[in-house]
Trainee: 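I have a structure here, written as structure tokens, and I will follow up with some questions on it.
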Amino acid sequence: MTTFASALAVCTALLTSAAAFAQDKLPNVTILATGGTIAGTGATSTTTVGYTAAKVGVERLIEAVPELKKVANVKGEQVFQIASENMTNEHWLTLAKRVNTLLAQPDVDGIVITHGTDTIEETAYFLNLTVKSTKPVVIVGAMRPSTAISADGPINLYNAVTLAGSKDAVGKGVLVSLNDQINAGRDVTKANTSTADTFRTPELGFLGYMQDNKPHFYRQVIRKHTAETEFDISKLDSLPQVDIVYGYANNNRIALDAFVKAGAKGIIHAGVGDGSLSNAMKPGLVEARKAGVLIVRSSRVGNGIVARNGEANDDELDFVVSDTLNPQKARILLMLALTKTTDSKAIQKLFYTY
Ligand code: DGL
């Protein structure tokens with residue numbers, strides 16, 4: 001072999017091993033795909049409503065963003081393929097168990113979950129309460145289908161994988177990242193029916209931003225989450241039935257009575273204002289409590305603390321208040337609380353802890 005050829009061979013070998021070394025240095029991130037718009041397809045490139053969610057598989061989502069290889073060693077699993085309005089307690093239990101199994105593996109550094117945006121905030125809070133690891137778990141979605149002009153899925157997925165592989169995201173709880181922003185799973189909510197900036201943490205604010213291929217954090221959640229959680233779903237196949245009744249002018253107790261008759265173990269009352277109870281609704285809640293149903297006063301307002309003994313004498317009625325959790329998140333915490341206790345004082349403590 002000539003000197004040049006042997007030099008070329010040596011250089012090639014060195015470059016190959018350098019590339020392999022660099023790839024080995026990248027974090028290992030598993031993408032768990034569940035469906036939603038990020039996997040959606042529309043009839044035309046300008047179809048941004050009226051498209052079909054949950055059509056594109058996880059491998060296709062990964063192939064569509066070759067840049068992922070620069071930031072992580074990525075593997076994909078199709079856990080479900082559903083529009084997220086169809087997410088159920090059983091889906092959550094399956095997902096949480098898979099997340100915990102993967103995060104217990106030393107060769108998994110972080111997880112990304114692709115998800116429909118309609119119930120991202122609920123799945124994020126459920127996992128915030130059931131993931132038993134400090135490793136990053138990032139939930140991501142899109143507001144435009146994969147076939148649309150300026151589809152936001154690819155950049156959201158790239159940012160989510162970058163975030164899930166970042167040491168800065170360790171111990172921050174479950175994160176929701178779309179639109180270059182980083183939100184906490186506990187406090188984030190979908191605030192607009194259709195715009196790309198829909199995920200907000202209205203008063204408590206974002207945790208930070210995704211910019212220039214890395215996360216920039218400015219605050220963190222102080223409520224307990226993930227590795228600190230006392231909830232263990234590893235042996236659960238179902239969750240107690242908890243339903244939500246909505247407060248509004250001229251409301252009634254018909255739906256409440258139906259939920260209780262159907263066997264609800266807990267009721268979240270999404271009251272007007274500071275969780276106020278109308279004269280039409282209150283007797284039904286009092287009767288339900290006396291029958292052993294846990295009652296949580298939440299608010300339809302969406303921000304602020306529902307104060308204990310404010311709009312109702314919770315001590316006397318033996319009700320619980322939701323603190324700052326919106327009704328759909330209060331339902332999640334009450335379901336998990338009821339897997340451990342039916343003591344209202346212990347449950348109130350959980351609402352002030354998580
Ligand atoms: N069907 C809705 C869902 O799967 C579409 C919304 C979205 O994913 O952005 O949540």
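If you read the sequence from its start, that first residue is 1, and numbering goes on from there. Order of appearance sets the numbers: ligands from 1, and atoms from 1 within every ligand.
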Trainee: Taking N or O atoms only and a 3.5 Å limit, does Ala142 qualify as a polar contact for ligand 1?
Mentor: yes
Trainee: Please state which option from Val49, Ile38, Thr119, Asp118 has its nearest heavy atom closest to atom 2 (C) of ligand 1.
Mentor: Asp118
Trainee: What residues, two or more places apart in sequence or in another chain, satisfy side-chain contact (heavy atoms from CB on, under 4.5 Å) together with Tyr246?
Mentor: Tyr248, Ala270, Arg300
Trainee: I need the atoms of ligand 1 closer than 4.0 Å to a non-hydrogen atom of Ala83, numbered in the order shown.
Mentor: 1 (N), 4 (O)
Trainee: Is there a polar contact between ligand 1 and Ser84, counting only N or O atoms under 3.5 Å apart?
Mentor: yes
Trainee: Which atoms of ligand 1 are found less than 4.0 Å from any heavy atom of Thr37?
Mentor: 5 (C), 6 (C), 7 (C), 8 (O), 9 (O)
Trainee: Taking only residues two or more places apart in sequence or in another chain, which ones pass salt bridge (Lys or Arg N to Asp or Glu O under 4.0 Å) with Asp118?
Mentor: Lys190
Trainee: What atoms of ligand 1 come closer than 4.0 angstrom to any heavy atom of Gly36?
Mentor: 4 (O), 8 (O)
Trainee: Any salt bridge linking Arg200 with Asp187? Criterion: basic side-chain nitrogen under 4.0 Å from a carboxylate oxygen.
Mentor: no
Trainee: Non-hydrogen atoms of Gly141 versus ligand 1: any pair closer than 4.0 Å?
Mentor: no
Trainee: So, Thr162 and Asn213: side-chain donor and acceptor under 3.5 Å apart, yes or no?
Mentor: no
Trainee: When the ring centroid of Tyr354 is compared with that of His225, is the distance short of 6.0 Å?
Mentor: no
Trainee: So, regarding His115 and ligand 1 (criterion: nitrogen or oxygen to nitrogen or oxygen, under 3.5 Å), is there a contact or not?
Mentor: no
Trainee: Classify the angle between the aromatic ring planes of Trp92 and Phe126 as parallel (below 30°), tilted (30 to 60°) or perpendicular (above 60°).
Mentor: parallel
